[in-house]
Undergrad: 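Before I ask anything, let me first share the structure, which is written out below as structure tokens.
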Amino acid sequence: MDIQITQIIFQVINFSVVVGALSVLLYKPVLKILEERAAKIAEAQKQAEATLAQQASLTEMKQKATTQAKKEAAQIVEEAKQTAQAQAEKIIQEAKSKSEQMLIQSRENWAAEKQQQQKALKDEFAVSVVAVSRKVMGEVFDEKTHTKLIDKELTQLLKLL
Amino acid sequence: MKKIIVSTAIDLTSAQQKKIAEAIKKKVANSTIEFKTDQTVIGGLSIKIDSQLLDGTLSHKLDTVKQALLQTQ
């Protein structure tokens with residue numbers, strides 16, 4: 001086999017032309033496309049990262065809001081509890097005071113009624129004693145006693161004239 | 001002339017009436033005396049001179065006692 005320099009040179013030139021043509025027609029466009037794609041990918045990645053960051057921020061805000069809402073709710077519940085307790089205590093106190101007043105009033109009423117009954121008994125006793133005295137005196141006085149009484153009273157009455 | 005009524009629980013004898021009349025007339029001259037028997041007076045006597053009443057009866061005394069008892073607490 002003879003290696004001819006002209007063929008070699010021709011091949012080299014041929015190869016160079018092909019490489020050149022390929023470089024212009026294929027390599028550079030493809031490279032450009034690849035670069036564009038890489039840029040797009042980078043852009044998309046950047047956007048995705050921004051979105052992720054935004055999502056993280058929103059999640060954090062949501063967490064804060066939830067915590068705050070829970071805190072406020074707990075506060076409201078606590079305040080409501082305290083208000084209800086204070087109200088209950090007030091009602092109990094008022095009921096206690098009212099029942100004490102009623103007890104005092106009923107005691108006073110009972111004392112007044114007792115006094116009234118005692119007075120009525122005393123009055124009845126006084127009337128009975130005098131009635132019995134009248135009856136006894138009317139029955140036991142003899143003439144001598146009557147005469148004595150008349151003389152005594154006459155002396156007293158004449159002093160008034 | 002004054003009208004005097006003497007009330008007693010028992011009937012008085014003439015002597016008793018005379019004694020009472022004399023005693024009264026010493027104090028009240030120019031008067032007529034009438035004697036009445038009223039068992040409700042119980043004892044003692046009352047002397048009524050026109051509209052004035054001098055009550056020395058046991059009935060009156062018992063009424064006074066009753067009023068005093070009713071007024072005390």
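Just so it is clear: chains get the letters A, B, ... in the order the sequence lines come, proteins before strands, and each one is counted from 1.
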Undergrad: Would you indicate whether the side-chain heavy atoms of A:K122 and B:L70 approach each other to under 4.5 Å?
TA: no

Undergrad: In sequence, state the C-alpha distance, the side-chain angles, and the governing distance for A:R134 and B:T40, and then conclude on side chain to side chain contact (heavy atoms under 4.5 Å, CB included).
TA: CA-CA 9 Å; A:R134 278 178 188 275; B:T40 61; over 6 Å; no

Undergrad: In terms of hydrophobic clusters joined by side-chain contacts under 4.5 Å, are B:I5 and B:I20 together?
TA: no

Undergrad: For residues 26-43 of chain A, give me every residue with a non-hydrogen atom less than 4.5 Å from any non-hydrogen atom of chain B.
TA: none

Undergrad: Once rounded to the nearest 0.5 Å, what's the spacing between atom CD1 of B:I10 and atom CZ of A:F141?
TA: 11.0 Å

Undergrad: Out of B:A68, B:S59, B:S46, return the one with the most heavy atom pairs under 4.5 angstrom to chain A.
TA: B:S59

Undergrad: Nearest 0.5 Å please: distance from the CG atom of B:D11 over to the NE2 atom of A:H146.
TA: 10.5 Å

Undergrad: Counting only non-hydrogen atoms closer than 4.5 Å, does B:D63 touch chain A with its backbone (N, CA, C, O), its side chain (CB onward), both, or neither?
TA: both

Undergrad: Going only through I, L, V, M, F, W and Y residues with side-chain contacts under 4.5 Å, is there a path from A:V136 to B:L58?
TA: yes

Undergrad: Is A:V12 reachable from A:V19 through a run of I, L, V, M, F, W or Y residues, each pair having side-chain heavy atoms under 4.5 Å apart?
TA: no

Undergrad: Give a yes or no on whether B:F35 and B:I49 share a hydrophobic cluster (residues Ile, Leu, Val, Met, Phe, Trp, Tyr; joining criterion: side-chain heavy atoms under 4.5 Å apart).
TA: yes

Undergrad: Counting only heavy atoms from other residues, nucleotides and ligands, does the tally under 6.0 Å from CD of A:E94 exceed 12?
TA: yes

Undergrad: Has A:L121 got more than 12 heavy atoms of other residues, nucleotides or ligands less than 6.0 Å from its CG?
TA: yes

Undergrad: Would you say B:E34 has more than 12 foreign heavy atoms packed within less than 6.0 Å of its CD?
TA: yes

Undergrad: Using heavy atoms and a sub-4.5 Å threshold, report which of residues 22-31 of chain B line up against chain A, by residue number.
TA: B:A23, B:I24, B:K27, B:V28

Undergrad: Considering heavy atoms only, which positions within residues 147-161 of chain A lie below 4.5 Å of chain B?
TA: A:T147, A:L149, A:I150, A:D151, A:E153, A:L154, A:L157, A:L158, A:L160, A:L161

Undergrad: Quick check on the structure: residues of residues 52-71 of chain A within a heavy-atom distance below 4.5 Å of chain B, by number.
TA: none

Undergrad: For A:E78, does the CD atom sit with more than 12 other heavy atoms under 6.0 Å from it, leaving out its own atoms?
TA: yes

Undergrad: Output yes when A:D123 and B:K66 qualify as a salt bridge under the 4.0 Å nitrogen-oxygen rule, no when they do not.
TA: no

Undergrad: Check the hydrophobic clustering (I, L, V, M, F, W, Y; side-chain heavy atoms under 4.5 Å; chains of links allowed) and say if A:I8 and A:F10 are grouped together.
TA: no

